[in-house]
Amino acid sequence: MNTKQGKFITLEGSEGVGKTTNVDSVCKTLEDLSIAYVRTREPGGTPMAEQLRENLLAQWTEPVNGLTELFIAFAARLQHVEGVIRPALTAGKWVVCDRFTDASYAYQGYGRGLNLEKIAVLEEWVHGDLQPDLTLYLDLDPEVAALRIADRDHDRMEQEQMSFFHKVRQGYLARAAANSRFRTVDASLPLADVQQTVCRQVKEFVGIHMPGAN
Ligand code: Z5A
């Protein structure tokens, strides 16, 4: 049963769009409003889920099946939802999460071409009663995003072809168009502008759900 009291905010987008940077902005906004929150990420958020993340992103000498990626993501998610997200929300804290199930649809569904209905079955099974309340989707041309992280070491997923990341972006745009909890942010703007938009979106959301907090 879902007994959550806090609110669940997720940030989504392809690699290098600025999710981690803007999670900082969301957390700062909540702090300024004296709202208690837990910051976390996917895959990850618990010791076991972090280890599953390493498996997902590691270089392997064997081909990695998209379905294997999906099962790893959902195994990590189950640990994360039950061990961190649900307890925090039940305790009245807000949760700010860098990626969640929309990433499975975008990367494994649209990117790898897995059946979206089968992903929906896993979603229902693992956290059917628990969905984000607000999803900030940072939209950016993957070629521009790649330039932003060009000087970093690239993990297995980041070494995919550019065509893969274009499919991922199309997936996110499709989900953003279909779900009212999404707010799409133009991540091609200068960082200060993106942060201002993110901060405004969070404040608007807080204004609706905690009118006294602003
Ligand atoms: N994955 C999956 O396949 N299935 C799933 O279900 C889930 C995940 C949950 C790990 O994600 C991988 O897991 C990911 C999808 C897969 N694979 N890939 N590829 P991750 O979130 O940990 O990894 P990431 O997407 O690669 O994150 P990142 O590289 O850390 O990027 P980011 O967080 O979006 O960006 P950033 O670090 O905040 O910013 C990058 C740089 O750009 C940095 O220098 C910033 O200062 C700069 N920046 C940020 N914003 C701006 C603007 N507006 N202008 C200019 N420069 C900027």
Side-chain angles (χ1 to χ4, degrees), residues 10-28 39-46 49-59 64-81 84-85 96-114 116 118-120 122-123 126-127 132 135-169 171-172 175 184-199:
T10 58
L11 281 89
E12 296 282 357
S14 299
E15 38 295 302
V17 297
K19 291 178 308 302
T20 308
T21 310
N22 283 287
V23 168
D24 293 344
S25 301
V26 173
C27 292
K28 170 80 171 56
R39 176 182 182 153
T40 187
R41 69 171 183 178
E42 288 219 341
T46 78
E50 288 290 333
Q51 195 146 358
L52 289 166
R53 174 194 179 90
E54 283 180 27
N55 277 289
L56 178 70
L57 302 181
Q59 304 286 355
V64 179
N65 193 293
L67 195 51
T68 307
E69 291 181 355
L70 187 71
F71 286 153
I72 291 175
F74 270 99
R77 185 161 297 133
L78 184 54
Q79 289 301 115
H80 189 209
V81 166
V84 174
I85 298 177
V96 183
C97 190
D98 192 337
R99 295 193 185 281
F100 194 59
T101 298
D102 294 305
S104 297
Y105 282 97
Y107 282 83
Q108 281 68 48
Y110 289 82
R112 301 283 189 226
L114 296 187
L116 301 178
K118 289 193 174 156
I119 299 178
L122 279 179
E123 177 184 19
V126 169
H127 64 90
T135 297
L136 297 164
Y137 165 57
L138 301 176
D139 183 52
L140 182 63
D141 183 334
E143 322 233 352
V144 178
L147 290 176
R148 288 187 184 169
I149 54 167
D151 58 350
R152 291 189 190 168
D153 290 340
H154 285 40
D155 60 43
R156 185 179 61 82
M157 300 288 288
E158 288 170 339
Q159 288 173 14
E160 278 296 331
Q161 305 280 329
M162 199 43 76
S163 58
F164 173 79
F165 296 111
H166 281 288
K167 285 190 254 177
V168 168
R169 185 187 191 193
Y172 273 126
R175 290 194 61 76
T184 300
V185 178
D186 181 355
S188 71
L189 296 173
L191 179 56
D193 294 352
V194 176
Q195 288 174 311
Q196 200 177 28
T197 304
V198 163
C199 179

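Just follow the structure's listing: the first ligand is 1, and inside any ligand the first atom is 1. Atom set for the values below is all heavy atoms of this structure, side chains included, hydrogens, waters and symmetry mates excluded.
- Minimum interatomic distance between Gly111 and Lys167 (heavy atoms only, all atoms of both residues): O-NZ, 3.8 Å.
- Here the closest heavy-atom approach between residue Glu158 and residue Ile149 is recorded as OE2-CD1, 4.2 Å.
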Any protein N/O atoms within less than 3.5 Å of an N/O atom in ligand 1? List the atom names and distances, or say none.
residue: ligand 1; atom: 3 (O); partner: Gln108; partner atom: OE1; Å: 3.4
residue: ligand 1; atom: 3 (O); partner: Gln108; partner atom: NE2; Å: 2.9
residue: ligand 1; atom: 4 (N); partner: Gln108; partner atom: OE1; Å: 2.9
residue: ligand 1; atom: 6 (O); partner: Arg77; partner atom: NH2; Å: 3.1
residue: ligand 1; atom: 6 (O); partner: Ser104; partner atom: N; Å: 3.3
residue: ligand 1; atom: 6 (O); partner: Ser104; partner atom: OG; Å: 2.6
residue: ligand 1; atom: 11 (O); partner: Arg99; partner atom: NE; Å: 3.0
residue: ligand 1; atom: 18 (N); partner: Glu15; partner atom: OE1; Å: 2.7
residue: ligand 1; atom: 19 (N); partner: Glu15; partner atom: OE1; Å: 2.2
residue: ligand 1; atom: 21 (O); partner: Arg99; partner atom: NE; Å: 2.7
residue: ligand 1; atom: 22 (O); partner: Arg53; partner atom: NH2; Å: 2.5
residue: ligand 1; atom: 25 (O); partner: Lys19; partner atom: NZ; Å: 2.9
residue: ligand 1; atom: 25 (O); partner: Arg99; partner atom: NH2; Å: 2.5
residue: ligand 1; atom: 26 (O); partner: Glu158; partner atom: OE2; Å: 2.7
residue: ligand 1; atom: 29 (O); partner: Arg152; partner atom: NH1; Å: 2.8
residue: ligand 1; atom: 30 (O); partner: Arg152; partner atom: NH1; Å: 3.1
residue: ligand 1; atom: 31 (O); partner: Gly16; partner atom: N; Å: 3.0
residue: ligand 1; atom: 33 (O); partner: Thr20; partner atom: N; Å: 2.9
residue: ligand 1; atom: 33 (O); partner: Thr20; partner atom: OG1; Å: 2.6
residue: ligand 1; atom: 34 (O); partner: Gly16; partner atom: N; Å: 3.4
residue: ligand 1; atom: 34 (O); partner: Val17; partner atom: N; Å: 3.3
residue: ligand 1; atom: 34 (O); partner: Gly18; partner atom: N; Å: 3.0
residue: ligand 1; atom: 34 (O); partner: Lys19; partner atom: N; Å: 2.9
residue: ligand 1; atom: 34 (O); partner: Lys19; partner atom: NZ; Å: 2.7
residue: ligand 1; atom: 35 (O); partner: Gly18; partner atom: N; Å: 3.1
residue: ligand 1; atom: 37 (O); partner: Arg152; partner atom: NH2; Å: 2.7
residue: ligand 1; atom: 38 (O); partner: Thr20; partner atom: N; Å: 3.4
residue: ligand 1; atom: 38 (O); partner: Thr21; partner atom: N; Å: 2.9
residue: ligand 1; atom: 38 (O); partner: Thr21; partner atom: OG1; Å: 2.5
residue: ligand 1; atom: 53 (N); partner: Leu189; partner atom: O; Å: 2.9
residue: ligand 1; atom: 53 (N); partner: Leu191; partner atom: N; Å: 3.4
residue: ligand 1; atom: 54 (N); partner: Arg148; partner atom: NH2; Å: 3.2

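- Ring to ring, Phe100 and His80 are not that close: their centroids are 6.0 angstrom or more apart.
- Remark: Glu42 pairs with Arg77 by the salt bridge (charged side-chain N to carboxylate O under 4.0 Å, His left out) rule, at least two apart or across chains.
- A distance-only check finds no donor-acceptor pair linking the side chain of Arg112 to the backbone of Tyr107 [under 3.5 Å].
- Listed here is the closest heavy atom pair of Arg99 and Ser14: NH2-C, 3.9 Å.
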